[in-house]
Amino acid sequence: MTPYDYTIATKFPDGTIRATTYQRLIKDMEIQDEQYEGQPLSEGGTPQALFIKGLIEKLCPKCEVKIYYQGNQIL
């Protein structure tokens with residue numbers, strides 16, 4: 001099974017927008033093997049993407065985080 005690979009776009013308070021893929025982000029954070037909702041983050045999926053979105057928002061409360069899949073905003 002190919003893991004889901006979302007694009008996560010984060011808008012910072014200064015207006016800067018940074019986008020990266022879900023898979024790259026979890027690898028850079030070294031959390032790809034962590035379990036959430038019964039599967040590793042590296043498997044992807046909506047619950048896992050929401051978890052990462054919430055994590056970014058918790059670390060940067062003034063940031064706006066959007067998640068895209070195949071070019072369409074889903075979260």
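Sequential numbering from 1 along the given sequence is applied to the chain's residues. Only this structure's heavy atoms are used, side chains among them; waters, hydrogens and symmetry mates stay out.
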Rounded to the nearest 0.5 Å, the CD atom of Q70 sits from the OG1 atom of T7 at a distance of 10.0 Å
So OG1 of T21 and CG of D5: to nearest 0.5 Å the spacing works out to 4.5 Å
Residues 6-75 vs disulfide bond (SG atoms under 2.5 Å apart), sequence neighbours excluded, gives C60-C63
Quick one: do I17 and I52 end up in the same hydrophobic cluster if we chain Ile, Leu, Val, Met, Phe, Trp and Tyr together by side-chain heavy atoms under 4.5 Å apart?
no
Separation between CE (M29) and CG (L41), nearest 0.5 Å, reads 9.0 Å
Interatomic distance, CD1@I8 vs CD@Q23, rounded to 0.5 Å, equals 9.5 Å
Is there a path from I56 to F12 through hydrophobic residues (I, L, V, M, F, W, Y) whose side chains come within less than 4.5 Å of each other? no
request  = Count the heavy atoms belonging to other residues, nucleotides or ligands that lie under 6.0 Å from CD of E30, then report whether that count exceeds 12.
outcome  = no
Residues pairing under side chain to side chain donor-acceptor pair (under 3.5 Å) where one sits in residues 49-67, two or more places apart or in two chains, turn out to be K53-E57, E64-K66
Here the pair of heavy atoms bringing Q39 nearest to Q48 is CG-NE2, 3.2 Å
Assigning hydrophobic clusters by single linkage (Ile, Leu, Val, Met, Phe, Trp, Tyr; side-chain heavy-atom cutoff under 4.5 Å), is L25 placed with Y68?
no
Residue set satisfying salt bridge (Lys or Arg N to Asp or Glu O under 4.0 Å) with D33, at least two apart, ordered chain then number -> none
Between T46 and Y6, the two heavy atoms sitting closest are N-OH, 3.4 Å
Those residues at least two apart in sequence (or on a different chain) that pass side-chain hydrogen bond (donor to acceptor under 3.5 Å, both in side chains) with D14 are T16
Here the gap from I67 atom CD1 to T10 atom OG1, rounded to the nearest 0.5 Å, amounts to 8.5 Å
d(I26 CD1, L55 CG) to nearest 0.5 Å is 11.5 Å
Sequence neighbours excluded, the answer for ring-ring contact (aromatic ring centres under 6.0 Å, His included) partners of F51 is Y36
In short, disulfide bond (SG atoms under 2.5 Å apart) pairs touching residues 21-50 with sequence neighbours left out are none
